[in-house]
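Down below is the structure, laid out as structure tokens.
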There are 2 protein chains.
Amino acid sequence: MGTRSIKEVAQLARVSVGTVSNVLNRPEIVSPATRERVFEAIRELGFVRNEVARHLRVGRSRTVGLVVLDVSNPFFADVAQGAEAVADEHDTMMMLCNSAADPERERRHLDQLEQQRVLGVLITPVDAASPRLAQLSARGTPVVLVDSAAAGPQCSVAVDDRLGGRLAAAHLVERGHRRIAFVGGPLSIKQVADRHAGASAAVAAAVAGEGAELVDFEIASLGVAAGRAAGERLAALPESARPTAAFCANDLLALGFLQAMSLRGLRVPEDVAIVGYDDIDFAAAAAVPLSSVRQPRELLGRTAIELLLEEVSAGDEHRHRQVIFQPDLVVRESSKAVRRDA
Amino acid sequence: MGTRSIKEVAQLARVSVGTVSNVLNRPEIVSPATRERVFEAIRELGFVRNEVARHLRVGRSRTVGLVVLDVSNPFFADVAQGAEAVADEHDTMMMLCNSAADPERERRHLDQLEQQRVLGVLITPVDAASPRLAQLSARGTPVVLVDSAAAGPQCSVAVDDRLGGRLAAAHLVERGHRRIAFVGGPLSIKQVADRHAGASAAVAAAVAGEGAELVDFEIASLGVAAGRAAGERLAALPESARPTAAFCANDLLALGFLQAMSLRGLRVPEDVAIVGYDDIDFAAAAAVPLSSVRQPRELLGRTAIELLLEEVSAGDEHRHRQVIFQPDLVVRESSKAVRRDA
DNA sequence: AGATTCTTTTGAATCGTCTCAAAGCCTGGT
DNA sequence: ACCAGGCTTTGAGACGATTCAAAAGAATCT
């Protein structure tokens with residue numbers, strides 16, 4: 001193993017370990033001659049500083065953990081990218097962990113991050129109220145909730161999901177739809193529940209134009225396959241009972257749903273309109289460009305890590321903050337047709 | 001900070017630190033009574049093992065780094081997912097790093113990973129021949145190349161990109177196309193160069209049916225926007241000079257390219273056929289379902305980390321291996337029309 | 001030359017955990 | 001009562017870097 005220590009460098013440069021450490025951390029206080037000699041030794045030995053030892057001594061890591069619900073959802077990739085950009089500027093590393101919406105995996109990741117004494121954790125929790133999170137933060141690891149509003153005393157960055165749901169459903173109602181499917185689940189995930197609640201409220205409010213209803217297609221996961229399955233279920237209904245529009249809790253579902261429509265020969269938006277959520281880049285490129293509720297993805301990530309770093313450096317006088325962004329609706333082909341009653 | 005050490009646990013449980021350590025690492029050699037007392041103390045104090053100190057002592061981390069060219073390309077998300085699944089089984093963490101195809105960022109990430117003394121590095125390098133990689137591995141950090149064949153003596157997992165390029169181009173030639181655009185770049189990225197070379201070879205081989213040619217649309221990056229730009233460029237050509245088909249170096253490009261076609265009113269596949277690469281899930285869901293060269297994405301990740309872990313545990317008697325998978329072509333709407341000459 | 005500063009360099013202590021030789025404690029045999 | 005041999009437990013080093021009080025050297029001033 002070619003891994004050399006500061007001691008060997010010191011020996012070769014004929015100085016003490018303290019001096020080598022100084023060269024590494026405050027080169028300006030070391031005389032130029034010595035400094036050069038030490039650099040020379042470092043080069044010659046191929047010395048690489050052991051961050052682990054440094055961290056042990058200093059007591060503070062340069063790594064933050066980011067735990068997301070689904071790495072392969074481009075929404076989270078974008079959030080991660082936003083966060084990473086900021087982390088980079090503070091030369092901090094990011095560990096990206098995938099909980100796959102499984103509380104057990106989430107717990108394992110949190111355990112590991114805590115054991116590593118990371119600087120802090122950004123997390124889109126499976127369950128924001130989980131005691132594990134409170135515990136983590138109580139024990140001294142700052143936690144920032146991402147895409148999920150904080151219940152307890154912690155920082156969080158979220159987008160108003162109720163509003164998003166409302167926007168989507170109101171739009172569909174306004175386009176003349178009276179029976180609207182909600183595709184999403186599990187409802188234990190806050191985002192899903194909120195989007196559902198928002199949609200539900202919007203549909204109820206439309207009661208003025210009497211009798212609009214939201215039909216739930218609850219599903220167990222949030223991927224393309226689940227969306228397709230829900231689409232199949234909907235397509236199998238007799239036309240009289242079939243919703244004329246679907247609001248999907250995210251774009252992956254919407255994409256899958258759209259595939260099912262085309263497989264079953266239903267036209268979008270004429271037979272069934274679709275609105276997705278997140279406005280990932282692929283939404284606009286879909287077979288039928290998808291209407292979607294847009295969220296500021298990178299900004300979400302950026303803001304989250306900024307809050308975290310702020311919390312770390314502020315120490316005691318840190319005041320937790322809950323940042324909430326507003327989503328907006330992007331209308332595309334998939335919901336453009338106007339429904340003239342049923 | 002509520003972070004307690006093994007020493008405090010020892011004190012509370014009235015045993016020595018050695019015993020606490022034993023309880024943690026080899027509970028079976030500790031008497032049940034003592035063990036229970038220690039566990040009790042751990043619980044009471046909320047003790048969390050300091051992995052950093054452990055690592056310093058043991059000299060070996062439980063983290064591997066994965067450096068990819070673009071986190072927001074679903075292809076890499078899938079590779080990461082495959083790798084993570086295996087890492088998980090060996091309770092090893094993964095640090096996902098994004099080089100964004102920038103050698104400078106890549107270097108920084110490698111520096112940091114080396115300083116952290118990670119168990120090893122999985123990397124899709126910007127430049128597989130970079131001396132930094134050889135150096136890393138020479139200094140004792142195992143490196144496995146992902147989606148890129150090893151030049152020097154290291155492990156690698158790749159897919160035969162020449163073959164992939166050949167399949168794509170041969171398919172287009174066989175469909176009657178004689179002037180085929182290649183959209184991709186920079187050619188300094190091995191995968192792009194190989195796909196190009198394969199396509200080039202296939203086109204040349206078709207010379208039997210005289211005069212097929214490959215027209216390069218070299219671009220600087222591999223995202224949707226670059227694909228769109230290339231599409232615009234192609235669409236701007238007079239019909240007589242315009243390629244009737246495009247082979248894109250990845251699906252993001254293909255998706256962007258497709259968008260440009262529809263913006264410019266060119267029909268796919270009638271006016272321009274498209275073949276992408278990677279077969280990400282979104283390819284099938286595109287406006288016109290995309291033909292694409294499929295790669296075993298998760299398998300790539302799984303295999304890479306398996307090789308890495310093997311190398312770590314085998315130590316000296318490890319023999320480097322270069323694994324190569326075969327891609328295959330998935331034909332969909334975007335290339336289905338047959339061209340009856342031009 | 002001697003006193004006084006200022007600049008450099010030193011080296012021991014420390015962070016939290018693991019390891020391992022040595023010490024302690026038991027049990028049973030004689 | 002004494003000892004051999006099997007469990008348990010102990011505690012003194014590592015591991016590699018940082019810190020900081022103190023020592024050593026240089027420079028400046030009387």
Side-chain angles (χ1 to χ4, degrees), chain A residues 1-39 41-42 45-63 112 114-119 139-141, chain B residues 1-39 41-42 45-62 111-112 114-119 139-141:
Chain A
M1 305 298 142
T3 152
R4 333 239 129 244
S5 80
I6 221 182
K7 204 189 294 183
E8 298 173 69
V9 174
Q11 214 163 324
L12 181 58
R14 317 177 129 274
V15 295
S16 71
V17 296
T19 300
V20 177
S21 177
N22 282 335
V23 170
L24 258 29
N25 300 300
R26 296 109 86 202
E28 69 283 2
I29 77 160
V30 176
S31 78
T34 314
R35 200 193 308 152
E36 205 35 62
R37 203 140 37 86
V38 171
F39 277 137
I42 288 179
L45 292 174
F47 166 80
V48 175
R49 189 222 236 104
N50 186 331
E51 175 64 25
V52 177
R54 165 177 232 270
H55 170 187
L56 173 59
R57 181 62 234 263
V58 177
R60 199 207 226 217
S61 148
R62 297 225 121 283
T63 303
Q112 293 194 92
E114 190 176 19
Q115 288 179 11
Q116 305 233 4
R117 300 292 192 270
V118 290
L119 201 52
R139 280 188 195 144
T141 303
Chain B
M1 306 302 142
T3 149
R4 334 239 129 245
S5 77
I6 224 181
K7 205 190 295 184
E8 298 174 71
V9 174
Q11 215 162 323
L12 181 59
R14 318 177 131 273
V15 295
S16 70
V17 295
T19 300
V20 177
S21 178
N22 283 335
V23 170
L24 257 29
N25 301 299
R26 296 109 87 203
E28 70 283 1
I29 76 161
V30 176
S31 79
T34 314
R35 199 193 307 154
E36 204 35 64
R37 203 141 36 88
V38 172
F39 277 136
I42 288 179
L45 291 174
F47 165 80
V48 175
R49 193 225 233 101
N50 186 330
E51 177 65 25
V52 176
R54 165 177 233 271
H55 170 187
L56 174 60
R57 181 62 235 264
V58 177
R60 196 205 227 220
S61 149
R62 297 224 120 284
D111 285 356
Q112 293 195 90
E114 190 176 19
Q115 288 179 13
Q116 304 231 5
R117 301 292 193 271
V118 291
L119 201 52
R139 281 190 195 142
T141 303

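A quick note: this is a predicted structure, and the numbers were derived from the prediction, not measured.
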Whole Å only: how far is the CD1 atom of B:Ile42 from the P atom of C:dG16? 16 Å

Verify the contact: side-chain N or O of B:Thr34 to OP1 or OP2 of D:dT9, cut-off strictly under 4.0 Å; return yes or no. yes

Please name the pair of heavy atoms, one in A:Arg117 and one in B:Arg49, separated by the smallest distance, quoted to 0.1 Å. NH1-O, 3.3 Å

Within the pair A:Arg26 and D:dT18, is there a side-chain N or O less than 4.0 Å away from OP1 or OP2? no

How many whole angstroms separate atom CG of B:Leu56 from atom P of C:dC15? 14 Å

Any side-chain heavy-atom pair of B:Ser5 and B:Asn50 under 4.5 Å: no

Between D:dT9 (P) and B:Ile29 (CD1): distance, integer Å: 9 Å

How do B:Arg14 and B:Arg117 order along DNA chain D: which one's closest nucleotide is nearer the 5' end? B:Arg14

Atom CD of B:Glu36 to atom P of D:dT9: distance rounded to whole Å? 13 Å

Are any of the side-chain heavy atoms of A:Val48 and A:Thr3 separated by less than 4.5 Å? no

What is the distance from CZ of B:Arg54 to P of C:dC18, rounded to the nearest Å? 5 Å

From CD of A:Gln115 across to P of C:dG16 the rounded distance in Å is 16 Å

Which pairs, protein N/O on one side and nucleotides 11-14 of chain C N/O on the other, fall under 3.5 Å?
unit_1 : atom_1 : unit_2  : atom_2 : d
C:dT14 : O2     : A:Arg57 : NE     : 3.4
C:dT14 : O2     : A:Arg57 : NH1    : 3.1

Return the CD to CZ distance between A:Glu51 and A:Arg62, rounded to the nearest 0.5 Å. 8.0 Å

Taking side chain as C-beta onward, heavy atoms only, is A:Pro27 less than 4.5 Å from A:Val30? no

What pairs with A:Ile42 under side chain to side chain contact (heavy atoms under 4.5 Å, CB included), at least two apart in sequence or on another chain? A:Val9, A:Leu24, A:Val38, A:Phe39, A:Phe47

For the side chain of B:Ser31, starting at C-beta, report the closest nucleotide among D:dT9, C:dT17, D:dT19. D:dT9

Would you indicate which nucleotide in C:dT9, D:dT10, C:dC18 comes nearest to any side-chain atom of B:Leu24? C:dC18

Which part of the nucleic acid, if any, lies within reach of B:Val15 when heavy atoms closer than 4.0 Å are counted: base, sugar-phosphate only, or nothing? sugar-phosphate

For D:dT18, does OP1 or OP2 lie under 4.0 Å from any side-chain N or O of A:Asn25? yes

Between B:His55 (NE2) and C:dT17 (P), how many Å, whole number? 15 Å

Looking across every strand, which nucleic acid part, if any, lies under 4.0 Å from B:Val30 by heavy atom: base, sugar-phosphate, or nothing? sugar-phosphate

All N/O donor-acceptor pairs, side-chain side in residues 52-60 of chain A, below 3.5 Å, sequence neighbours left out:
unit_1  : atom_1 : unit_2  : atom_2 : d
A:Arg54 : NH2    : A:Asn25 : OD1    : 3.2

Would you kindly give the CD-to-C1' distance between B:Glu51 and C:dC18, to the nearest whole Å? 12 Å

Please determine whether a side-chain nitrogen or oxygen atom of B:Ser21 lies at a distance below 4.0 Å from atom OP1 or OP2 of C:dC18. yes

